[in-house]
*Asks:* 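Right, I'll just put the structure down here and ask away after.
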Amino acid sequence: MGVTNLLAREQDVKGKVIVITGAARGFGAGLAKRFAARGAKVALVGLEPDVMKKVAAECGPDAAVFEADVTDWAALETATKGVIERFGGIDIVVANAGIAAAGFVRSIDPKAFERTIEVDLLGVWRTVRVTLPHVIDRKGYILVVSSLAAITHAPAMAAYAAAKAGVEAFTNSLRAEMRHLGVGVGVAHPSWIATDLVNGADEHPVFGPLRASMPGPMGKTYPVEFALNALEKGILRRDRTIHVPGWVGALKVIRTFLPPIIEIGAKLRGNLVAKADKAALEDIAKRGAEASSRAVGAGGQADAEAR
């Protein structure tokens, strides 16, 4: 994580106001419960209001739900106004909302590709832009959730990898801009974690088996609690980077060499990409491009229903 991270001291979040997007499940819901237990006031922002209300009930009286699509400027502004009216300010923002649609560039439904970019990249930008004045007022902290996909650009993940790489670049620029204002900015790079998003991807008839073929730690799925431990600690220390697990950080050192390694690795393992490409076309012929390319997991379903 770097010397700066290792020397950082944990902040006390008791009484602090924490805004978390994508708070209905996964990282968002888990972090909301953990910080509520530490005495923080948590604002749950996202789709699925009924699900978020259940999470808020587990958090306690200092938790509130604000329904908003992170790609909707007006909805985000309304939610942020609601947070200020309820809690008086914002100390920490966790830009966590995201979806994933798997598919090869030549055959994925264009709407699914572009929606992934809109939610995972533009949704982060809009979330940060709307909440930033309030975070600056309190010299707070922003954590943007990127992914291992920002570092390793696997086939069938072009939309997700592009969005998450963009998020990493966005966060690095933002950090330099915020330093003189006393605002901390961090980026998280989780590997495969057993969230609804990853579990949903594994259920895809074509791309689930393709992911399962990844060798060694690159294909391992880690428990949600494992990731929450790292994310919670990183937020408390206002870390600039959070790698889940730690070896993800080491990949950044060799990222220049990763694309050819991925290409050669796929070829050596029986030309899996060619086989999956053919299978994807067959799946699209059978179910249609929209069904085959639909964003995975309950979060993807909620996003589709919201639109």
Side-chain angles (χ1 to χ4, degrees), residues 1-2 4-6 8-13 16-23 25-36 38 40-46 70 76 80 83 89-98 119-121 123-136 138-151 163-179 181-191 193 195 197 224 226-246 248-249 252:
M1 290 187 182
T4 302
N5 287 354
L6 292 173
R9 307 175 82 178
E10 290 190 359
Q11 61 179 320
D12 183 4
V13 295
K16 296 290 181 67
V17 180
I18 304 179
V19 174
I20 304 173
T21 65
R25 57 189 75 250
F27 297 159
L31 289 173
K33 295 174 188 176
R34 287 185 176 219
F35 287 123
R38 288 179 175 270
K41 301 172 183 179
V42 292
L44 288 71
V45 179
V70 296
L76 279 174
T80 301
V83 174
I90 299 174
D91 297 281
I92 298 171
V93 173
V94 181
N96 165 70
V119 173
D120 295 3
L121 178 55
V124 166
W125 137 250
R126 290 166 185 165
T127 297
V128 171
R129 179 57 182 260
V130 170
T131 58
L132 191 55
H134 307 288
V135 179
I136 292 173
R138 295 194 172 186
K139 298 186 185 301
Y141 175 74
I142 295 171
L143 178 72
V144 173
V145 179
S146 181
S147 169
L148 169 64
I151 305 164
K164 293 301 186 179
V167 157
E168 180 187 21
F170 169 82
T171 305
N172 289 338
S173 291
L174 179 65
R175 186 184 300 111
E177 295 175 10
M178 291 294 107
R179 187 178 181 87
L181 296 171
V183 174
V185 179
V187 61
H189 291 286
S191 178
I193 311 297
T195 59
L197 186 151
V224 173
F226 175 81
L228 288 175
N229 290 340
L231 293 170
E232 180 184 19
K233 182 180 293 186
I235 292 169
L236 291 173
R237 298 190 310 195
R238 292 168 62 107
D239 281 349
R240 66 195 311 279
T241 53
I242 304 172
H243 303 119
V244 190
V248 174
K252 288 182 177 179

*Asks:* How long is the straight-line distance from CG of L31 back to CG of L143, given to the nearest 0.5 Å?
*Replies:* 8.0 Å
*Asks:* Walk me through it: do E177 and L174 pass the test side-chain contact (heavy atoms from CB on, under 4.5 Å)?
*Replies:* CA-CA 5 Å; E177 295 175 10; L174 179 65; 4.3 Å; yes
*Asks:* Can you measure from CG (D239) to CG (L231) and round to the nearest 0.5 angstrom?
*Replies:* 10.5 Å
*Asks:* So, Q11 side chain and I235 main chain: donor-acceptor pair closer than 3.5 Å or not?
*Replies:*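 The answer is yes, because a donor-acceptor pair under 3.5 Å joins these two groups.
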*Asks:* Going through the distances and angles, do M178 and L132 end up as a side-chain contact (heavy atoms from CB on, under 4.5 Å)?
*Replies:* CA-CA 10 Å; M178 291 294 107; L132 191 55; 3.8 Å; yes
*Asks:* Without swapping roles, check the side chain of R138 against the backbone of V183 for a donor-acceptor pair under 3.5 Å.
*Replies:* no
*Asks:* Quick one: CZ on F226 to OG on S191, what's the gap to the nearest 0.5 Å?
*Replies:*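 Those atoms lie 9.0 Å apart.
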*Asks:* Is it the case that the side chain of R126 and the backbone of L76 share a donor-acceptor pair, with hydrogens and angles ignored and the cut-off at 3.5 Å?
*Replies:*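 Side chain of R126 to backbone of L76, a donor-acceptor pair under 3.5 Å: no, none is there.
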*Asks:* Do you know the tightest heavy-atom contact between Y141 and G234?
*Replies:*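 For Y141 and G234, the tightest heavy-atom pair comes out as OH-O, 3.9 Å.
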*Asks:* Among T131, V19, V45, T127, which one satisfies side chain to side chain contact (heavy atoms under 4.5 Å, CB included) with T80?
*Replies:*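 The passing option is T131.
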*Asks:* How long is the gap from CD1 on I18 to CD1 on I90, to the nearest 0.5 Å?
*Replies:* 11.5 Å
*Asks:* CG of L121 to NZ of K164: how many Å apart, nearest 0.5 Å?
*Replies:* 9.5 Å
*Asks:* Would you name the heavy atoms of A230 and I242 that are closest together and state the gap between them?
*Replies:*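 Reported closest heavy-atom pair: O-CG2, 3.7 Å.
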*Asks:* Taking all heavy atoms of G98 and all of D120, pick out the closest pair and write down the distance.
*Replies:*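 Heavy atoms of G98 and D120 come nearest at CA-OD1, 3.1 Å.
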*Asks:* For the CZ atom of R38 and the CD atom of E10, what is their distance to the nearest 0.5 Å?
*Replies:* 6.0 Å
*Asks:* So, for R240 and R175, which heavy atoms are closest and what is the spacing to 0.1 Å?
*Replies:* O-NH2, 2.9 Å
*Asks:* So which heavy atom on V70 is nearest to which on A97, and how close?
*Replies:* CG1-CB, 3.9 Å
*Asks:* Using the rule given for side-chain contact (heavy atoms from CB on, under 4.5 Å), can you reason through V128 versus F170, listing the C-alpha separation, both sets of side-chain angles and the distance that settles it, and then say yes or no?
*Replies:* CA-CA 10 Å; V128 171; F170 169 82; 4.0 Å; yes
*Asks:* Is any side-chain heavy atom of H134 closer than 4.5 Å to a side-chain heavy atom of V17?
*Replies:*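 No, every pair of side-chain atoms sits at 4.5 Å or beyond.
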*Asks:* Using 30° and 60° as the class limits, which term best fits the ring planes of H243 and H189: parallel, tilted or perpendicular?
*Replies:*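 H243 vs H189 ring planes: parallel.
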*Asks:* Which heavy atom of N96 sits nearest a heavy atom of G22, and at what distance?
*Replies:*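 Looks like ND2-O, 3.1 Å.
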*Asks:* Under the side-chain contact (heavy atoms from CB on, under 4.5 Å) rule, what do I92 and F35 come out as? Steps first, then yes or no, please.
*Replies:* CA-CA 11 Å; I92 298 171; F35 287 123; over 6 Å; no
*Asks:* Among all residues two or more places apart in sequence or in another chain, which pass the side-chain hydrogen bond (donor to acceptor under 3.5 Å, both in side chains) test with R34?
*Replies:* E225, N229, E232
